[in-house]
J.: 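My questions all concern the structure below.
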Protein chains: 2
Amino acid sequence: MTTTHEPPASLTEIISRHAGRLTDLDTRLLNVLLQDPLRAAMENGKDVSSRAGVHPAAAVRLAQRLGFAGYPEFRAFLQASLVKGGSDFQDGSARIAARLMRASGEGVLSSILDSEIAALQQLRSAVSDENIRKFAETIRDGRRIFLFGRSHAATLSALVALRLRRSGYDAVDLGAALPQLSEQLVTLGPEDVLWLFAFRRPSPAVLELLQIARKRGARVLALTDIQGMRLDPAPDLLIAASRGGPGDSQSLVVPMTIANAVILDLAGIDDGRSIAALEAFRALRESLPPLMGS
Amino acid sequence: MTTTHEPPASLTEIISRHAGRLTDLDTRLLNVLLQDPLRAAMENGKDVSSRAGVHPAAAVRLAQRLGFAGYPEFRAFLQASLVKGGSDFQDGSARIAARLMRASGEGVLSSILDSEIAALQQLRSAVSDENIRKFAETIRDGRRIFLFGRSHAATLSALVALRLRRSGYDAVDLGAALPQLSEQLVTLGPEDVLWLFAFRRPSPAVLELLQIARKRGARVLALTDIQGMRLDPAPDLLIAASRGGPGDSQSLVVPMTIANAVILDLAGIDDGRSIAALEAFRALRESLPPLMGS
DNA sequence: CGTCACTTGCAATTAAAATTGCAGGCCTAT
DNA sequence: ATAGGCCTGCAATTTTAATTGCAAGTGACG
């Protein structure tokens with residue numbers, strides 16, 4: 001809600017307006033509702049709540065908390081926001097046509113989704129499970145995992161480091177503390193793993209790190225796009241996947257998905273290490289609730 | 001239903017099959033039904049019949065004449081044909097859930113791809129272009145853009161800050177220099193924009209920032225998942241999208257794609273500012289080749 | 001350690017939707 | 001014309017959905 005009005009409001013607006021008063025069960029219900037608004041608008045409160053795994057009364061109470069008199073009124077709102085036409089007289093065909101235009105019509109989001117989905121589909125054939133597995137094995141068998149990337153790749157490097165730490169691995173994002181880079185590398189040895197991220201041309205820093213790592217005998221993994229493929233001392237393992245189509249899709253969706261696959265695969269082959277660490281992390285986060293917001 | 005189930009049949013098929021036995025009132029009802037099937041699938045028999053100007057009993061009898069046990073069953077059929085035709089992720093999500101179960105062994109990548117693609121498909125209906133546009137407009141009209149997120153959201157925050165800077169905006173990732181956070185906020189004013197990222201429960205830091213920003217009159221944007229939706233002083237604009245299906249998909253693919261859409265849309269409405277800045281950046285990078293690897 | 005505020009599930013109650021028996025009306029064929 | 005068949009509305013009934021009071025549970029706060 002940019003400013004003031006209330007008459008036409010979207011579901012998310014209404015939710016955020018009452019956000020403070022919503023309970024755990026409410027969010028479970030909203031998950032189901034938002035996941036498939038069309039279906040939710042059709043079903044009755046009982047079906048929705050059973051799909052969300054909660055008591056039917058919870059649906060009623062959610063509706064009331066959101067400011068509706070009861071569930072039927074809430075559902076009517078959901079329906080109205082989908083149909084988006086008055087309830088008066090039906091000049092149906094025109095309205096349906098309009099809706100179809102809207103649904104299939106172009107929009108920024110829609111075109112981005114098309115391109116991302118296409119890129120992911122390509123991944124299916126471009127990257128093999130074997131490669132994923134080899135990455136995972138290397139990480140599993142490594143003592144410490146060093147991650148590095150610059151620019152866009154830096155954010156991915158940070159993310160992967162975070163996730164690996166949570167999975168119980170000694171992972172260090174070298175990009176996070178560039179000034180202390182030398183100190184971090186002092187102990188780099190043959191048992192360690194360096195995972196590089198490079199899109200477009202590899203930065204000098206990446207190449208330098210690569211050389212150092214090779215000299216010290218560390219294993220080197222690289223996740224790149226096609227342009228970043230030319231790493232001079234070749235890494236031990238390399239996965240290269242093109243991001244998106246024309247132009248430089250700045251998106252990290254494709255490489256991030258590959259990284260996710262590696263981390264997930266790792267959890268399947270490290271004999272419970274990831275699972276245990278993740279569980280420990282979850283428990284820790286629950287135990288000190290208000291201080292460290294994860 | 002009365003007999004064995006007819007496998008798949010469209011409404012028009014069913015109608016033509018029983019065309020001989022239909023009455024005048026049935027026709028009037030079917031007119032209304034066919035005019036707006038979506039709406040018809042949502043409403044109950046009473047509403048439909050009153051909209052058609054007939055007695056409620058007529059709706060029941062039509063359903064029975066068409067071979068259904070009663071009106072609810074007829075409506076269920078209408079709904080099923082809409083859900084199946086309109087979007088196929090109903091079947092998809094179940095299949096994905098099943099596949100994720102046995103994901104540890106084979107086809108990790110494939111199952112992750114399924115899950116991410118399904119999540120992106122859902123985005124199509126969950127987030128409107130309007131919301132994207134409003135986000136973009138707010139950023140365009142802001143003086144400085146502050147970004148903040150913790151944990152996984154921090155990497156996204158960093159990425160968006162990076163991309164906004166390249167697009168010519170004065171964007172600051174507050175997470176990058178937490179110790180200097182107070183200094184950064186000293187000048188926060190009504191012309192500034194604060195863009196928060198929060199998945200799962202919002203961290204205290206996020207809530208605190210939110211309150212400060214509101215107090216100072218800054219515009220607040222929020223990109224969250226369903227669980228992160230409960231921000232207490234409601235932000236000016238909020239986009240919430242559920243990430244993936246079962247379990248907690250740690251993936252940032254969905255929110256990242258939303259952010260990409262905002263940034264892309266921004267380039268379309270800021271009168272060349274983004275384009276010019278991106279071009280300037282590209283030229284700069286080309287000009288000093290080996291030093292700053294992007 | 002108790003108290004308060006709040007959430008949640010259950011079960012009883014209430015409201016609403018759906019169904020059906022019945023009677024009146026209309027058309028048609030004898 | 002009139003008997004029979006069929007549609008139709010009404011109203012009673014059944015079935016289903018929605019609501020709410022209540023008690024048990026939970027966590028925060030004194």
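Hydrogens, waters and symmetry mates are skipped; everything else that's a heavy atom, side chains included, is used. Fair warning: this is a prediction, and the values are worked out from it, not measured in the lab. Chain A is the first sequence line, chain B the second, and so forth, proteins listed ahead of strands; every chain is numbered from 1.
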J.: If you restrict it to nitrogen or oxygen atoms, what contacts under 3.5 Å exist between nucleotides 20-26 of chain D and the protein, and what is each distance?
T.:
from: D/dT20; atom 1: OP2; to: A/Q64; atom 2: NE2; distance (Å): 2.7
from: D/dG21; atom 1: O6; to: A/R61; atom 2: NH2; distance (Å): 2.8

J.: With a 4.5 Å limit on heavy-atom distance, are the side chains of B/V220 and B/L237 in contact?
T.: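 No. Closest side-chain heavy atoms not under 4.5 Å.
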J.: Expressed in angstrom and rounded to an integer, what is the separation of A/L22 atom CG from C/dT7 atom P?
T.: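 About 9 Å, once rounded to whole Å.
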J.: Are any of the side-chain heavy atoms of A/R39 and A/V48 separated by less than 4.5 Å?
T.: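 Not touching, per the 4.5 Å side-chain cut-off.
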J.: Less than 4.5 Å apart, side chain to side chain, heavy atoms only: is that true for A/S167 and A/F281?
T.: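 Heavy-atom side-chain distance check fails, nothing below 4.5 Å.
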J.: In whole Å, I'd like the distance from the CG atom of A/L62 to the P atom of D/dT19.
T.: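 Rounded to whole Å, this separation is 12 Å.
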J.: What does A/P56 touch in the nucleic acid at a heavy-atom separation under 4.0 angstrom: a base, only the sugar-phosphate, or nothing?
T.: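 No contact.
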J.: Within this structure, what is the CZ-to-P distance between A/F68 and D/dT19, rounded to whole angstrom?
T.: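 So the two atoms are 12 Å apart, to the nearest Å.
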J.: Check this for me, if you would: do B/D26 and B/R65 make a salt bridge, where the nitrogen-to-carboxylate-oxygen distance has to be below 4.0 angstrom?
T.: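 Looking at B/D26 and B/R65, the cut-off is met.
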J.: Using the side-chain heavy atoms of B/L25, tell me which of these nucleotides is nearest: C/dA18, C/dT8, D/dT8.
T.: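 Selected nucleotide (nearest to the side chain): D/dT8.
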J.: Considering only heavy atoms from C-beta outward, does the side chain of B/V193 approach that of B/F135 to under 4.5 Å?
T.: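 Side chain of B/V193 against side chain of B/F135, heavy atoms only: no contact under 4.5 Å found.
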J.: Salt-bridged, B/R75 to B/E43, with N to O below 4.0 Å?
T.: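 Between B/E43 and B/R75 there is no salt bridge, as every charged N stays at least 4.0 Å from the carboxylate O atoms.
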J.: For B/R28 and B/S49, what are the C-alpha separation, side-chain angles and deciding distance, and is it a side-chain hydrogen bond (donor to acceptor under 3.5 Å, both in side chains)?
T.: CA-CA 9 Å; B/R28 287 169 70 182; B/S49 55; over 6 Å; no
J.: Check nucleotides 4-6 of chain D against the protein and report each pair of N or O atoms closer than 3.5 Å, with its distance, or say if there are none.
T.:
none

J.: Send over the distance from B/K46 NZ to D/dT16 P, rounded to a whole Å.
T.: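 From B/K46 NZ to D/dT16 P: 19 Å.
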J.: Check the distance between D/dT16's P and B/Y71's OH and give it to me in whole angstrom.
T.: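 Nearest whole value for this atom pair: 17 Å.
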J.: Provide, to the nearest angstrom, the distance between the CG atom belonging to B/D26 and the P atom belonging to D/dC7.
T.: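 These atoms are roughly 8 Å apart.
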J.: To the nearest Å, how far apart are B/L29 CG and C/dA18 P?
T.: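 Value for this atom pair: 13 Å.
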J.: Below 4.5 Å, heavy atoms only, C-beta onward: do B/P255 and B/F197 meet side chain to side chain?
T.: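 They are not in contact (no side-chain heavy atoms under 4.5 Å apart), so the answer is no.
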J.: Heavy atoms under 4.0 Å, any strand shown: does A/R28 hit a base, just sugar-phosphate, or nothing?
T.: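 Nothing: the residue A/R28, judged by heavy atoms under 4.0 Å, touches no strand.
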J.: Strictly below 4.0 Å, N to O, side chains only: are B/R214 and B/D236 in salt-bridge contact?
T.: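 Yes.
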J.: Find the distance B/R75:CZ to D/dT16:P and express it as a whole number of Å.
T.: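 Result: 13 Å.
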